[in-house]
Amino acid sequence: MTRNTDNGDDSGDAVPDGGVTDGGVARDRQDSGFSPVAALNDRFGSDFVESSQFWLPPFLLVGLFVYGAIIWNLLISLTDFRGFGTPDYSDLDFEMYTRALADGGFIDAAINTFILLVGFTLVTLALGLGLAILIDRNIRFENTFRTIYLLPMSLSFVVTAQFWAWMFNFNNGVINIVITSLGFGRVDWIGNPRIVLWAVMFALMWQFAGYAMVVFLAGLRAIPDEHYEAAKVDGASTVKMYWRVIIPQLKGSTISASVVLMVFALKAFDFLYSLVGGYRPPNGADILATKMVREAYANLNWAYASAIAITLFVMTLGIVGPYLYYQYNRGNL
């Protein structure tokens, strides 16, 4: 007579190798309780918690000294803090931002910043693209030319400013010496408010054209040779080949170089400070960065300077944010 061993226990059916079915495994996991470590590892990676001793300290430091400083700066901009002492956080408002919109100096600095941002970026991209195309066509001494064009990028803003301050010198600058030798009068490159911003833009373009060239050259070298050959077979001239076939494929290089150049344009304070030797650039060259530092350290208007700083931060975020979103959609983040 066969005995019925089914007593209603659902702890899991026995299997030939002595294990239990999935039902038994699930119950064992439930009995063991919820594990936060396992949940974090399942969500962020198998070694997320174990590797925290490496990434957590810099994460906390960046959060405190970068993002914490941004939040603190935002709070200061909502006060009327100036001079010495401590800010009063009991009455926060947007008075400093309203003051900025009514300040003619702020408006002029914002316009100059926008002109420098757009003009410098576009001209530098065009020059860098032209240099990259020339070098990509297997010219002689390619490595030498590439080094010469990239060398200014290795210089700091301070060195570049001092170099161009000598070049732009009204009395004995190299540029004015060449101009007078051609029969023209001297030009006050720094003192003339109509041209000083373009002189600054030209100096920055000289420094960063090599960077744009390298970025575009890498993009050109990544394009398969078949694309060039197909365009030639179709009878396209060299200009049409680059304009219609090659340059449209440099979208990624253009976006990457544009973001870097625009961010550097917003950070041109140290260049202007070194060029003129003070917080106050000549009329026509004052940008938001120089006005921010002048309001903070020359006039002790801490709240107003913080409002300008937040404005610059929003402008930078408007540049970097879309780029990060673009990279995220491409699966690079």
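Values below: all heavy atoms of this structure, side chains included; hydrogens, waters and symmetry mates excluded.
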Side chain to side chain contact (heavy atoms under 4.5 Å, CB included) with Ser253: of Val215, Val214, Leu217, only one passes, and it is Val215
ring-ring contact (aromatic ring centres under 6.0 Å, His included) filter on Trp206, not counting sequence neighbours, yields Phe163, Trp164
With sequence neighbours left out, the residues meeting ring-ring contact (aromatic ring centres under 6.0 Å, His included) with Tyr297 are Trp302
Side chain to side chain contact (heavy atoms under 4.5 Å, CB included), that's the test. Do Asp93 and Leu78 meet it? Break it down for me. CA-CA 5 Å; Asp93 54 40; Leu78 300 178; 5.8 Å; no
Closest non-hydrogen atom pair, [X] against [Y]:
X: Tyr97; Y: Ala307; answer: CE2-O, 3.8 Å
X: Gln207; Y: Leu155; answer: NE2-O, 2.6 Å
X: Ile107; Y: Leu101; answer: CD1-O, 3.9 Å
X: Ser77; Y: Ile310; answer: OG-CG1, 4.2 Å
X: Glu295; Y: Asn299; answer: OE1-ND2, 3.4 Å
X: Tyr323; Y: Ser256; answer: OH-OG, 3.5 Å

Examine [X] and [Y] and state if one hydrophobic cluster contains both, with Ile, Leu, Val, Met, Phe, Trp and Tyr joined whenever side-chain heavy atoms are less than 4.5 Å apart.
X: Phe184; Y: Ile175; answer: yes
X: Met205; Y: Leu151; answer: no
X: Phe168; Y: Phe170; answer: no
X: Phe216; Y: Leu134; answer: no
X: Phe208; Y: Val320; answer: yes

How about Arg244: does its CZ atom have over 12 heavy atoms from other parts shown lying under 6.0 Å from it? no
Can you find a heavy atom in the side chain of [X] that is under 4.5 Å from one in the side chain of [Y]?
X: Val123; Y: Phe202; answer: no
X: Met201; Y: Leu116; answer: yes
X: Leu129; Y: Leu250; answer: yes
X: Leu324; Y: Tyr328; answer: no
X: Leu288; Y: Met292; answer: no
X: Pro281; Y: Arg294; answer: yes
X: Trp198; Y: Trp189; answer: no

What's the spacing between [X] [atom1] and [Y] [atom2] if we round to 0.5 Å?
X: Met241; Y: Asp234; atom1: CE; atom2: CG; value: 12.0 Å
X: Met96; Y: Thr98; atom1: CE; atom2: OG1; value: 9.5 Å
X: Thr113; Y: Phe106; atom1: OG1; atom2: CZ; value: 8.5 Å
X: Leu312; Y: Ile287; atom1: CG; atom2: CD1; value: 8.0 Å
X: Ile177; Y: Asn169; atom1: CD1; atom2: CG; value: 8.5 Å
X: Ile111; Y: Leu197; atom1: CD1; atom2: CG; value: 11.5 Å

Quick note, salt bridge (charged side-chain N to carboxylate O under 4.0 Å, His left out) partners involving residues 137-148, not counting sequence neighbours, are Glu142-Arg146, Glu142-Arg221
Would you list the atom pairs, donor with acceptor, under 3.5 Å between side chains in residues 258-280 and any protein atom, with sequence neighbours excluded?
residue, atom, partner, partner atom, Å
Ser258, OG, Thr254, O, 2.6
Ser274, OG, Asp270, O, 2.9
Arg280, NH2, Asn283, OD1, 3.1

Donor-acceptor pair, side chain of [X] and main chain of [Y], under 3.5 angstrom:
X: Gln162; Y: Val158; result: no
X: Asp47; Y: Glu50; result: no
X: Thr121; Y: Val118; result: no

task = Evaluate side chain to side chain contact (heavy atoms under 4.5 Å, CB included) for Ile135 paired with Met213, printing each intermediate quantity in order.
result = CA-CA 9 Å; Ile135 292 179; Met213 176 202 68; 3.4 Å; yes
In short, ring pair (Phe, Tyr, Trp, His ring centres under 6.0 Å) pairs touching residues 224-248 with sequence neighbours left out are none
Going by atom type alone, with no hydrogens or angles, which donor-acceptor pairs under 3.5 Å involve a side-chain atom of residues 68-75 and a protein atom two or more places apart or on another chain?
residue, atom, partner, partner atom, Å
Trp72, NE1, Tyr89, OH, 2.7
Asn73, OD1, Ser306, OG, 3.3
Asn73, ND2, Ser306, O, 3.2

Determine, step by step, whether Asp88 and Phe81 satisfy the side chain to side chain contact (heavy atoms under 4.5 Å, CB included) criterion, reporting the C-alpha distance in whole Å, the side-chain angles of both residues, the deciding distance to 0.1 Å, and the verdict.
-> CA-CA 7 Å; Asp88 181 13; Phe81 180 42; over 6 Å; no
*Is there a donor in the side chain of Asn301 and an acceptor in the side chain of Arg82, or the other way round, less than 3.5 Å apart?*
yes
Only one of Asp103, Asp108, Asp286 passes salt bridge (charged side-chain N to carboxylate O under 4.0 Å, His left out) with Lys291, and that residue is Asp103
